[in-house]
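Here the structure is laid out as structure tokens; the discussion comes afterwards.
Please read these numbers as outputs of a predicted model, since none were measured by experiment. Atoms within each ligand, like the ligands themselves, are counted from 1 in listed order.
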Amino acid sequence: MEKSEWTQSMRVRTAVVMTLAGILPIIICHIIVFTSSGQTLDDLFHWIPLYIPLLIVLLLIYWWLADFILRPVTQLLSATTKLMTMDIRQRLEVGAHEPIETRELRKSFNKLLNNLEESLNIQCQFVADASHELRTPLTSIQGYTKLLLRRGSNIDANLLGEALQTISDESGRLIRLVSDLLQLARADAGQAIISQLEVVDLRDVLMSVEDTVMVIAPEQIEVKFIVPQTSMYVNADADRLKQVFLNLTNNAIKATQAGGKVTVTLRATSGQAIIRVIDTGIGIAPADQQRIFDRFYRVERSRTRSRLYGGGTGLGLAIALTIIKAHGGTIELESELNKGSTFTVKLPITDAPGKAQVAGHGAPPSPGSGSPSSTGNHPTIS
Ligand code: ADP
């Protein structure tokens, strides 16, 4: 239905309802007066022709009044219709003299548009960052492949080794990046990032992390896992939890210089399992701490990409946060530059071992979820 037809039909219905509401009490009063004064219904029927002009007059008055009453709604309708074809950055103008209902409706619309614009900006930024991250290793692979093709069999053995190593490293990086992106994209699409929740002993998870980490940790760094003697159970997807603690411990090792220490501890307080990954490494500046869980955020961009800390995708902590939230837990960071960092993960403890429910509540937060940003300066539509 066209907008003008819609407003006309609304006006007609309002005018008819108001006319009926106006004429009915008159007819009822008429009937009461007639019956109480002893007159017959036939006498009443003689009056019927007089109702017709009254009906027409009332209809005309209410037709005019309906336009007056519905004007804010029709204005709102035309403003929102304009929005459909316009820029998402535009906002509805909120008039000071407008009735409160439509004013509130306009404000709600503007809030909705703020949220939409914010999500769109986050998505655009994400696509731009992802493209940039994908392009870097691809450029490197392409460069070395072209070099190998150009030189053919005349290539020096060292250069050949270097080229193949780089191609292998960069394709490994691409695979990591694509699988991280896939994991986040699935989570954004509302698919549970965790699959099967079962009662898991956190000590087993941390011991398995320890086994992996000990193989890759440099000898010059002391890596210690301190876990209690008794089991500590949580409802969890063990593989995803292992992924989180591996990421935190790997980050800690990469951030720690020779002679430094990385300690992973597990303890329980008031129904919560507390896992701490503590390092004596380079630390994280307060400004970076705010953004460390953002997608693609890497501190080394601003602190000159260190040899110690290169090659990451910048997605590890974003994924870790999504996984821990899906488990009903939290991650906190305390850090001091040049002194070290502590990542604290808290997870709700469960009592008895036994199968728990399949994860359905694993829907992760959307990128940049949280309170909507302020309106900012937007062009308005009245
Ligand atoms: P990446 O895959 O690049 O490691 P993460 O999301 O895991 O991505 O980490 C984001 C950034 O946070 C890292 O690039 C690093 O600069 C910084 N970071 C993470 N953990 C630590 C830590 N323990 N000490 C210092 N910096 C850290």
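- Residue contact annotation: F293 has no non-hydrogen atom under 4.0 Å from ligand 1.
- Where the criterion is an N or O separation shorter than 3.5 Å, residue side chain and backbone included, R298 fails it with respect to ligand 1.
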I'd like to know whether R173 forms a salt bridge (charged side-chain N to carboxylate O under 4.0 Å, His left out) with D169, so could you lay out the CA-CA distance, the side-chain angles of the two residues, the decisive distance to 0.1 Å, and finally the verdict. CA-CA 6 Å; R173 190 168 140 72; D169 289 351; over 6 Å; no
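- Which parts of ligand 1 touch V299 is read off a 4.0 Å heavy-atom cut-off, strictly below it: atoms 16 (O), 17 (C).
- Between L113 and Q90, the shortest heavy-atom distance links the atoms CD1-O, 3.7 Å.
- Distances below 4.0 Å separate heavy atoms of A255 from the following atoms of ligand 1: 22 (C), 24 (N), 25 (C).
- At a 4.0 Å cut-off, not a single heavy atom of G281 sits close enough to ligand 1 to count as contact.
- Note: an N/O pair closer than 3.5 Å links G314 and ligand 1 by distance alone.
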Assess whether salt bridge (charged side-chain N to carboxylate O under 4.0 Å, His left out) is satisfied between R91 and E117, documenting all intermediate values. CA-CA 11 Å; R91 295 293 177 268; E117 190 187 336; 2.6 Å; yes
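- The local environment of CD in E104 is crowded, with over 12 non-hydrogen atoms from other residues, nucleotides or ligands closer than 6.0 Å.
- When heavy-atom distances to ligand 1 are checked against a 4.0 Å cut-off, L315 comes that close only through its backbone atoms N, CA, C and O.
- The atoms of ligand 1 that sit less than 4.0 Å from any heavy atom of N251 are 4 (O), 5 (P), 7 (O), 9 (O), 19 (C), 20 (N).
- Note: an N/O pair closer than 3.5 Å links D279 and ligand 1 by distance alone.
- Closest approach of K261 to T256, counting heavy atoms only: N-CG2, 3.7 Å.
- Ring geometry, H30 versus Y51: the interplanar angle exceeds 60°, so the pair is classed perpendicular (tilted spans 30 to 60°).
- Contacts between L317 and ligand 1 below 4.0 angstrom, taking non-hydrogen atoms only, involve backbone and side chain alike.
- Near Y297, the atoms of ligand 1 lying under 4.0 angstrom from a non-hydrogen atom of the residue are 10 (C), 11 (C).
- Here is the list of ligand 1 atoms found below 4.0 Å of a heavy atom in N247: 7 (O).
- Side-chain atoms of V264 and V209, non-hydrogen and from C-beta on, never get closer than 4.5 Å to each other.
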Passes side chain to side chain contact (heavy atoms under 4.5 Å, CB included), V234 versus L241? Steps please. CA-CA 10 Å; V234 287; L241 276 193; 4.1 Å; yes
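- Checked by distance only, ligand 1 and I292 stay at 3.5 Å or farther apart across all their nitrogen or oxygen atoms.
- Here the straight-line distance linking atom NE2 of H132 with atom CG of D129 works out to 8.0 Å at 0.5 Å rounding.
- Not a single N or O atom of F343, backbone or side chain, sits closer than 3.5 Å to an N or O atom of ligand 1.
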